[in-house]
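Heads up: the structure comes next, in structure tokens.
Sequence lines set the chain letters: A, B, ... in the order given, protein chains first and strands last, and positions in each chain run from 1. Keep in mind that the numbers below use all heavy atoms, side chains included, and drop hydrogens, waters and symmetry copies.
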Amino acid sequence: MKNKRPLSQLILGDRGFKYQLIAPSIFILLLIGIFPLIYTLLVSFQGITMMDNDTSFHGLQNYTALGTDTRLWEALMHTIIFTCIALPIELLLGLLMAQLFIDKLPGRQIFIALLVLPVVVAPVVSGATWSLLLDTRFGPINQILGWFTGEEVTLLWTINPDLVYPSILAAEIWQWTPFMFLLLLAALSAVDKSQLEAASIDGAGYWTTFFKIVLPAIWPVMAVAILIRGLDLFRLFDIVWALTRGGPGTMTETISIFTYVKGFQQFETSYTGAVALLIIILLSVLVIGALKKVEIAR
Amino acid sequence: MADLKINSLHKYYGSMHAVKGVDLEIPKGEFTVLVGQSGCGKSTLLRTIAGLEEIDEGSIEIDGEVVNDVAPKDRDIAMVFQNYALYPYMTVFDNIAFGLRARKTPKVEIEEKVAEASRMLSIDHLLERYPRQLSGGQLQRVAIGRAIVRQARIYLFDEPLSNLDAQLRDEMRGEIKRLHRELGKTMIYVTHDQIEAMTMADRIVLLRDGKIEQQGSPLDLYERPATKYVAGFLGSPSMNFIDGMVTENKVTINNSNHSLDIPEQIKNKLTSHANKAIIVGIRPEHFSRADIANHQQYSKLSVNIELVQPTGSRSYVTFRLGQNPAVAELRPQDLLGHNTTIELSVDMSRVIYIDPITEMTI
């Protein structure tokens, strides 16, 4: 019987070569992933604010405060509203566009390249661009609307409570629909053509073919696309910040903006730590649930 | 009455002329095999019949009705694809039932029909499985099941056996032929395999370069090929083509001292070719050992054997006639070994004569 080899030999010996190879990435992962997480956890049990560098143990004080913070729960609500409206629209528009471009039409390549441009733009830049587009006095959107109504239009797109949501959603959907489009186009092109031909000979109409053959085939890609966009939307920040800064009041404040304001404008550091951990837990539950669902669907 | 009628059909892919004016009539209940080398337009022709490809010129009639602009689903045809094209996210049952459901067949009827079709193909124990859990042969049966479960007017097969191994292929060949006899439906079958064509077809349509080279019953094409191409395409090993000259009563083989006697009944056919070049086509099985066949219709040759390939029941021997390599199919006990000289007889009544310029048979 061979004795169990000591750990040092396991890591430094010949057979440990694989561990040596992955060691740097594990180290970096620990440094930038796990360390801040643990540090945040520690801070969230303390009482650090801008005025008070109180590092004593405060127990669950910050966490109990979360429960009664209506601004936090409203921000969460706003985030969910953005996600639940933007995600389905991006998905449907992306799918429609992908269906449109699946046929080899002339000029297809150029149009695809143009359509994908919004994804390349940094969200902050696209937010700033939309903010100019929507400008009350100089923005082309109001001007173009003016041509149709025949009189000067001065809609306050980023201030009027009835218009802020549509404005933000428009910018968000404009930027991220092409992402869905690209992924779904790739998925659709991979659908076995002879299956579609078999279905057409079998007498299946467009919708039967789509729901019974195309959709199951593209579902794995679609599920991942939904997951990625869902997570992104949950962290929605740049576009809202550029357009409304969460306003008017806190009407469009998302959970990310709330965290930013709390942490870096009001410097309630320990409380923000608690908020951050709450978000991490919420997202983890969502992602694990979603991943399980995708797995079962396969 | 013709079940399917194709009139001067043309199909282009860009500048590529894939089908160059095909006229074809297929009677009801016939098993027709479209055969030819890859790229000859046979699959394209089948796909135009199915409606998967639009045609550029000509017309296709099914039961007297022109279907040029009729969608595949309204043509009342069923098709088996080369790669099976089963729906991967459905069970075998759902795959077979798909066409019936799409046509709003009552549920009880669907169950009866699927059960019947799966029993015919002995896949009734696989109905709950998914395609990824099946072997190649089983997938093929399911694909056929999906086609025959519907009462279609015409059944199309696009090289359905080419992905199977040799043994399964033999088995399925028989199976498909049996199905044809039981169902009595018009079937059109595309293959590049001349053995499939010979064994299965009521009628072979041999395509070459987008055109029909010859059509007829398998034995018709085998015994009386119209061109050198047809003669060389059918038969395995393929026909030997020997270059020679017609002289009085004989064909002398170029670059050798061999000659073949022309039988009486064929002499007047070759008078117009006297003293001209000719190609003699001899099938491997029309050679035999000289001492066995001693009759005036046989012509004797003395050849030096270069190679012997035994297959068990028959042995193939390779030798040269002039500059042309030739293969003879002999009984195993006829052979001595390679590098020996043996006397062979050629059955001259079965030999075909080809004009080397037109490549047509005389």
Exercise. State whether a side-chain donor-acceptor pair under 3.5 Å links A/D202 with B/Y87.
Key: yes
Self-check item: Distance (rounded to the nearest 0.5 Å) between A/I201 CD1 and B/D74 CG
Solution: 12.0 Å
Quiz prompt | A/L117 atom CG, over 12 foreign heavy atoms within 6.0 Å | solution = yes
Quiz prompt | Portion of B/R47 that has a non-hydrogen atom of chain A nearer than 4.5 angstrom | solution = side chain
Quiz item: Within a radius of less than 6.0 Å around CZ of A/F111, do more than 12 heavy atoms belonging to other residues, nucleotides or ligands occur?
Solution: no
Practice problem: Identify the two heavy atoms, one from B/A85 and one from A/A198, that lie closest to each other, and give their separation to 0.1 Å. | Solution: O-CB, 4.0 Å
Practice problem: List the atom of B/F98, the atom of A/A204, and the distance in Å for their closest heavy-atom pair. | Solution: CE2-CB, 3.6 Å
Exercise. Select one option (side chain, backbone, both, neither) describing which atoms of A/K193 are under 4.5 Å from chain B's heavy atoms.
Key: neither
Self-check item: Euclidean distance, A/I213 CD1 relative to B/Y89 OH, rounded to 0.5 Å
Solution: 11.5 Å
Quiz item: More than 12 foreign heavy atoms under 6.0 Å from NZ of B/K185: is that the case here?
Solution: yes
Quiz prompt | Region of B/L100 that comes under 4.5 Å of a non-hydrogen atom in chain A | solution = neither
Quiz item: From B/L86 CG over to A/Q195 CD, what is the distance, rounded to the nearest 0.5 angstrom?
Solution: 8.0 Å
Quiz prompt | Over 12 foreign heavy atoms within 6.0 Å of CD, B/E109 | solution = yes
